Visitor: 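To start, I am sharing the structure in question, which I have written as structure tokens.
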Amino acid sequence: MTTEQSQLSANRYANQTELDHAIAMLHSLGESAFASLVKNAIKHGIESYRPLVVTDFNTVGETQILLVPAGTHELPNKVLQTPRFIIGLPEAGKPKLMLVETETEDVFNFDTDQSTPLQICKAEQCKFAHIYLDASKPTVMEMYINTPTFSDRLLYVDCCTNVDVYNLSTTTLRESRSWALDAYGQSMCSSHNRIEKGLDDFHEGGLKAIDAVFKPLVDIGYKLDKLFGLK
């Protein structure tokens with residue numbers, strides 16, 4: 001997105017505090033290379049890696065790092081066809097993303113030989129952090145995750161009752177919603193078991209502990225840099 005396009009929408013480029021949050025979340029998502037690109041984006045004038053604070057997802061262009069403020073926002077399925085990092089800002093409460101413009105697909109249950117129409121949202125190349133996912137009707141977000149832990153792609157993410165996430169790689173449902181299990185059937189999906197949930201909790205808990213120790217140090221360093229004219 002160009003500067004002119006940004007000015008024509010409700011979206012804007014992130015300020016320094018928001019940039020720092022984006023960098024921290026990218027590190028937590030295992031994307032240190034992207035975090036470095038964001039860190040140097042303003043310094044080197046690389047607009048494509050400048051995170052965008054988004055309230056209108058219809059005007060995000062090809063921007064890959066999207067920061068979401070508090071509130072409820074519609075997230076069209078087409079936005080998720082481009083590799084993205086969608087990160088909620090650390091304001092009062094997590095932002096809620098409503099999955100819209102999803103596709104109705106017939107999910108075949110090999111156990112019953114019956115099909116069930118479900119809303120499907122494909123987000124195979126996206127990562128999310130610090131948000132709620134919601135939908136107006138039962139919706140499955142399909143992703144390829146090469147590990148048993150969903151937190152590698154969905155960090156600090158909560159799904160409301162109308163949303164479940166299906167890992168196409170392991171044929172596992174994150175929330176194990178009954179309507180999703182009934183649609184896919186035991187032959188094609190399994191519940192996110194207690195061990196896998198424990199690994200997710202351990203991963204997220206460890207990252208929160210690290211943030212609690214190091215974020216104050218980063219804030220102090222940033223203030224000192226400003227004081228001595230290094231930023």
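Predicted model only: the values in this text are computed from it and were never measured.
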Visitor: With the side chain counted from C-beta on, respond yes when Trp179 and Val140 share a heavy-atom pair under 4.5 Å apart, and no when they do not.
Guide: yes
Visitor: Going hydrophobic residue to hydrophobic residue with side-chain gaps under 4.5 angstrom, can you get from Phe108 over to Leu173?
Guide: yes
Visitor: Flag the pair Asn109 / Asp182 as yes when at least one side-chain heavy-atom distance between them is below 4.5 Å, and no otherwise.
Guide: no
Visitor: A side-chain contact here means heavy atoms from C-beta on lying under 4.5 Å apart; do Leu133 and Ile131 qualify?
Guide: yes
Visitor: Just by distance, with hydrogens left out, do Thr170 and Asn167 show a side-chain donor and acceptor under 3.5 Å apart?
Guide: yes
Visitor: Please test Leu181 against Cys189 for side-chain contact (heavy atoms from CB on, under 4.5 Å), starting from the C-alpha separation and ending with a verdict.
Guide: CA-CA 7 Å; Leu181 287 166; Cys189 79; 3.8 Å; yes
Visitor: Output yes when a side-chain donor or acceptor of Asp164 lies under 3.5 Å from a complementary backbone atom of Arg177, and no otherwise.
Guide: yes
Visitor: Kindly compute the distance separating CD (Gln64) from CG (Leu26), expressed to the nearest 0.5 Å.
Guide: 10.5 Å
Visitor: Just verifying a value: how many Å separate Ile87 CD1 and Leu155 CG, rounded to the nearest 0.5 Å?
Guide: 9.0 Å
Visitor: What distance separates Ile23 CD1 from Ser28 OG, expressed to the nearest 0.5 Å?
Guide: 12.0 Å
Visitor: Where is the tightest heavy-atom contact between His130 and Pro90, given as atom of each residue plus distance?
Guide: CE1-CA, 4.1 Å
Visitor: Side chains of Val165 and Glu175, heavy atoms from C-beta outward: is any pair under 4.5 Å?
Guide: no
Visitor: Grouping I, L, V, M, F, W and Y whenever their side-chain heavy atoms are under 4.5 Å apart, do Val68 and Met98 come out in a common cluster?
Guide: no
Visitor: Are any of the side-chain heavy atoms of Ile65 and Leu52 separated by less than 4.5 Å?
Guide: no
Visitor: Identify the heavy atoms of Ser169 and Asn146 that sit nearest to each other, and give their distance.
Guide: OG-OD1, 3.7 Å
Visitor: Hey, is CD on Glu91 packed in by over 12 heavy atoms from elsewhere, all under 6.0 Å?
Guide: yes
Visitor: Is there side-chain contact between Met143 and Phe128, with at least one heavy-atom pair below 4.5 Å?
Guide: yes
Visitor: Sequence neighbours left out, what pairs pass salt bridge (charged side-chain N to carboxylate O under 4.0 Å, His left out) with at least one residue falling in residues 96-105?
Guide: Lys96-Asp134, Glu105-Lys122
Visitor: What's the spacing between Arg153 CZ and Glu124 CD if we round to 0.5 Å?
Guide: 8.5 Å
Visitor: I'd like to know if Leu66 and Tyr13 are part of one continuous hydrophobic network [Ile/Leu/Val/Met/Phe/Trp/Tyr, side-chain heavy atoms within less than 4.5 Å].
Guide: yes
Visitor: Determine yes or no for a side-chain-to-main-chain donor-acceptor pair under 3.5 angstrom, with Gln81 supplying the side chain and Lys78 the backbone.
Guide: no
Visitor: Would you mind listing every ring pair (Phe, Tyr, Trp, His ring centres under 6.0 Å) that reaches into residues 50-104, with sequence neighbours excluded?
Guide: Phe34-Phe85
Visitor: Any side-chain heavy atom of Leu75 sitting closer than 4.5 Å to one from Ile86?
Guide: yes
Visitor: Of all heavy-atom pairs between Asn162 and Ala135, which one has the smallest distance, and what is that distance?
Guide: ND2-O, 3.2 Å
Visitor: Can a side-chain donor-acceptor contact be found between Asp111 and Ser187 if the only test is distance below 3.5 angstrom?
Guide: yes
Visitor: For Met25 and Tyr156, run side-chain contact (heavy atoms from CB on, under 4.5 Å): C-alpha distance rounded to whole Å, both residues' side-chain angles, the deciding distance at 0.1 Å, then the answer.
Guide: CA-CA 10 Å; Met25 286 294 98; Tyr156 313 136; 4.1 Å; yes
Visitor: Could Arg84 and Glu62 be called an ion pair, given the rule that one side-chain N must be under 4.0 Å from one carboxylate O?
Guide: no
Visitor: Please check: side-chain N/O of Thr63 versus main-chain N/O of Val60, any donor-acceptor pairing under 3.5 Å?
Guide: yes
Visitor: Can you tell me if Glu142 has over 12 outside heavy atoms packed within less than 6.0 Å of its CD?
Guide: yes
Visitor: Is the side chain of Asn11 donor-acceptor paired with the backbone N or O of Asp56 at a distance under 3.5 Å, no angle test?
Guide: yes
Visitor: How about Thr102 and Gln119: does a side-chain donor come under 3.5 Å of a side-chain acceptor?
Guide: yes
Visitor: Sub-3.5 Å donor-acceptor pair from the side chain of Arg50 to the main-chain atoms of Leu19, do we have one?
Guide: no
Visitor: Given side chains that start at C-beta, do those of Thr171 and Tyr166 come closer than 4.5 Å, heavy atoms only?
Guide: yes
Visitor: Could you go step by step and tell me if Thr149 and Asp152 meet the side chain to side chain donor-acceptor pair (under 3.5 Å) rule?
Guide: CA-CA 6 Å; Thr149 51; Asp152 290 338; 3.1 Å; yes
Visitor: What are the two closest non-hydrogen atoms of Pro69 and Pro95, and how far apart are they?
Guide: O-CB, 3.0 Å
Visitor: Between atom OG1 of Thr55 and atom CD of Glu74, what is the distance when rounded to the nearest 0.5 Å?
Guide: 12.0 Å
Visitor: Atom OG of Ser151 and atom NZ of Lys127: how far apart are they, to the nearest 0.5 Å?
Guide: 10.5 Å
Visitor: Write down the atom of Val157, the atom of Lys94, and the distance for their closest heavy-atom approach.
Guide: N-NZ, 4.2 Å
Visitor: Search all heavy atoms of Cys126 against all heavy atoms of Leu80 and return the closest pair with its distance.
Guide: SG-O, 3.5 Å
